[in-house]
Participant: 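Sharing a structure with you now.
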Amino acid sequence: MHLNRKQLIGLAAAGLLALYGCGKSDFDNRAMKEYAERLKETSSFRYPLDEYFPEIPVTDTDPPKTERRENHHTAEDSFAPPGTPVYAIGDGIISYSGKARGYGWLIIIDHPAENVYSLYGHLSTSRWKKSSGEVKKGDLIAYIGEAEECYTMVSHIHFGLRMGQKADYPRLGNRRWMAGYTNCRPELLGWFHPSEIIGQTDSMRAWHRYIQKREDIKTGRTLLAGDFKITSEKYNEKQDLDQMIKNEFGDNYRLADWNDILTFSTNIEEWADSLGLGEGEENSLLISNDGYRIWLGRQYYISRFNFNKPREYLAHDSINNNFVCLGSWTGLNRHVLAVRK
Ligand SMILES: [Zn+2]
């Protein structure tokens with residue numbers, strides 16, 4: 001085969017890509033699937049959080065090529081407030097507990113009986129955490145950290161489960177033991193989908209229901225200001241807001257959605273006044289946004305700022321130059337906005 005200069009350069013580039021791309025893979029898809037099945041039957045791991053459901057999965061197909069080299073997520077992310085307790089998923093030995101780049105605090109537990117290790121990232125650097133020794137399943141090992149101390153936008157746990165023990169992997173490169181992202185499909189490097197092995201707990205199922213999109217929102221219908229009601233009690237994102245609305249107003253009301261409020265965009269001040277929506281974040285009302293109640297673990301809510309949105313308030317959307325804004329946060333106790341079905 002004779003190659004011209006251009007083809008040679010092309011081949012060299014492909015070779016380089018392979019080197020910096022996926023490189024050598026340790027496992028194949030079938031071996032991983034079989035081992036995952038076996039672990040599902042023989043292990044008795046628990047989820048590291050008492051509540052909350054993984055909202056961002058392990059990458060299982062090649063995402064579209066981007067500028068970023070490492071764009072395959074090796075773990076499952078669950079969004080939970082800072083201070084949420086984190087537990088050992090099974091019996092094992094802590095093989096790492098310390099700060100790690102991009103993670104805040106990171107803990108690795110080797111589970112020799114199952115020949116896997118579990119990885120818990122974005123833990124609090126400042127609160128108590130277990131630093132070494134043996135752990136039993138369910139032992140408290142750390143707390144979820146604040147977003148700022150953990151190099152993340154929103155507080156969450158990055159929870160990985162991988163074939164082998166920490167010592168089986170190098171400190172650097174695509175196969176490194178603490179990799180949160182890699183160049184190629186994580187299964188080829190031994191990373192499992194943890195929730196497929198652990199299964200779903202009742203609280204995970206409940207949480208999943210909360211973040212699922214509701215289907216009964218009709219956009220474009222004509223609403224009057226009088227179709228909205230504010231609950232007399234305050235609630236938070238962990239409660240079943242539909243049930244709370246039903247308790248207060250009966251079957252004919254549901255949680256209001258940002259789309260419902262958008263229909264008042266021309267006379268939003270009148271709407272807010274007639275509703276009795278007060279100014280400031282403390283008067284915010286819980287709602288959904290385009291059918292979703294939860295965004296990355298945070299409950300959506302509407303706030304009235306009379307055109308003066310605080311600088312630190314991150315608005316997903318706003319009406320009439322920040323007269324009202326759509327925000328989201330965790331752990332808020334607020335009144336809930338309901339609307340006639
Ligand atoms: Zn993650």
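Bear in mind that the values here come from a model prediction, so they are computed numbers and not experimental data. Indexing begins at 1, ligand by ligand and atom by atom, following the structure's order.
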Participant: Mind running side-chain contact (heavy atoms from CB on, under 4.5 Å) on Y301 and L285 for me, showing each step along the way?
Facilitator: CA-CA 5 Å; Y301 60 92; L285 301 172; 6.0 Å; no
Participant: Less than 2.8 Å away from the Zn ion (ligand 1), how many protein N/O/S atoms can be counted, ignoring water?
Facilitator: 4
Participant: Judged by modelled atom types alone, do N322 and N308 share a side-chain donor-acceptor pair under 3.5 Å?
Facilitator: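 N308 and N322 do not have a side-chain donor-acceptor pair below 3.5 Å.
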Participant: T231: what forms a side chain to side chain donor-acceptor pair (under 3.5 Å) with it, not counting sequence neighbours?
Facilitator: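 T231: no side chain to side chain donor-acceptor pair (under 3.5 Å) contacts found.
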Participant: Once salt bridge (charged side-chain N to carboxylate O under 4.0 Å, His left out) is applied, what residue pairs with a partner in residues 326-341 remain, sequence neighbours excluded?
Facilitator: D227-R340
Participant: Applying side chain to side chain donor-acceptor pair (under 3.5 Å), name anything that partners W258, two or more places apart in sequence or on another chain.
Facilitator: D317
Participant: Salt bridge (charged side-chain N to carboxylate O under 4.0 Å, His left out) for R214 and D216? Distances and angles first, verdict last.
Facilitator: CA-CA 6 Å; R214 57 186 309 151; D216 60 342; 3.0 Å; yes
